[in-house]
Number of protein chains: 2
Amino acid sequence: MSQDGVGVDLKTSLGYLLKEASSVLRAAMEEVLRPLGMSVTHYSCLELLAQRPGLSNSELARGAFVTRQTMNVLLQALEREGHVTRPAEAPVGKVLPTRLTPRGRRSLEKATVAVRSVEVRMLAGMTETEQAGAFRILQSMIHSLRDGNDGA
Amino acid sequence: MSQDGVGVDLKTSLGYLLKEASSVLRAAMEEVLRPLGMSVTHYSCLELLAQRPGLSNSELARGAFVTRQTMNVLLQALEREGHVTRPAEAPVGKVLPTRLTPRGRRSLEKATVAVRSVEVRMLAGMTETEQAGAFRILQSMIHSLRDGNDGA
DNA sequence: TGACTCATGTCAGAATTCTGACATAGGTTG
DNA sequence: CAACCTATGTCAGAATTCTGACATGAGTCA
């Protein structure tokens, strides 16, 4: 009655499982980051800046999967706490390139260790081949959903 | 510089990709549900009730990956709009079994069609074998993160 | 050059979700 | 039976994120 050919069976739905996995991952990350007084978005922002210094507010927002307004709020807090710096005026256009301070880098280091432990735990029991397969499949899903044709 | 052996390289991180996939999926679902005046959590709740009638508030919350307080707010709205019904008093304990009304069922039907189109699009380009592999891998991740053991 | 379009940073208010707290029901254990 | 523990439903307030809106800078095109 619930799946008469038209329903979405949650027990076998990849979308539902994806949401569950994401939820569990987020909870696990929050758990290890809480003792450091850091949220997941918080950490994502610092990690992005470490790997790609000089990212703008909007670029950080896209990388952390939040709106640029949300990232702006976070950046203002991080700036106030001395974890990141932004020039008072934009070198070009309106884009303000953001950079980690030494303090932000130290803060990130501890967080990275914690997050890495979660990622290692998540990958436990998966072979390298399986991990590569998972990577490819997730990318396929993302690509299919992004380049979406207009709804039929 | 960014991954001196200790960093988490976002470009190759399965956790990051998982978050991205989940984000894109959510956006795609919101896009098709918006014309129906329905949110993802909204839809999740109705779909859960269709497949497992009589679920309690707390069980629905776990199934939709939100807190029971959040689900309670949603259920009160759905009840007010006549999409679900709950008995005034608990048959046993404090648990209030929730059920879809005919109206809720009709509302869900439209949403299911929309969500199904997203899921189909997401799976485009994946063979049945790949889908089965993805399913197994996601379950493995969830299991490993839940029971902190290395699932090896 | 001027009009148009797009992306950005930012402020403000709304919506959503969460954390904290409380009372109550049921099971467990001594 | 009594004490304890867990789970549930619910209220209230806080935190987070989002949508709407505006001004500005850069690129495009006629």
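Just so it is clear, the structure is predicted and the values come from calculations on it, not from any experiment. Residue numbers begin at 1 in each chain, while the letters A, B, ... track the order of the sequences.
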| note | With sugar-phosphate taken as primed atoms, P, OP1 and OP2 and all else as base, the protein-contact string of nucleotides 1-15 of chain D at under 4.0 Å (heavy atoms; B, S, -) is -------BBBB----
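DNA chain D is contacted by T41(A) of residues 15-43 of chain A, taking any non-hydrogen atom closer than 4.0 Å.
Contacts of R103(A) classified as side-chain contact (heavy atoms from CB on, under 4.5 Å), with partners at least two apart in sequence or in another chain: H83(A), T101(A), R106(A). T41(A) meets the side-chain contact (heavy atoms from CB on, under 4.5 Å) test with R26(A), S39(A), V66(A), L74(A); sequence neighbours excluded. Shown here are the side-chain contact (heavy atoms from CB on, under 4.5 Å) partners of R105(A), two or more places apart in sequence or in another chain: L100(A). Under the side chain to side chain donor-acceptor pair (under 3.5 Å) criterion, S22(B) pairs with S22(A), sequence neighbours left out.
Projected onto DNA chain D by closest heavy-atom contact, V92(A) and T67(A) fall at different nucleotides, the more 5' of which corresponds to T67(A).
A straight line from CG of L75(A) to P of dT8(C) spans 14 Å, rounded to a whole angstrom.
Judged by distance alone, the side chain of T98(B) and the main-chain N or O of S56(B) form no donor-acceptor pair under 3.5 Å.
By the 4.0 Å N-to-carboxylate-O rule, E20(A) lies close enough to R146(B) to be salt-bridged with it.
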| request: Begin from the C-alpha positions of L75(A) and C45(A) and carry the test side-chain contact (heavy atoms from CB on, under 4.5 Å) through to its verdict. | output: CA-CA 8 Å; L75(A) 277 184; C45(A) 178; 3.8 Å; yes
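Minimum interatomic distance between L78(B) and H42(B) (heavy atoms only, all atoms of both residues): CD2-NE2, 3.3 Å.
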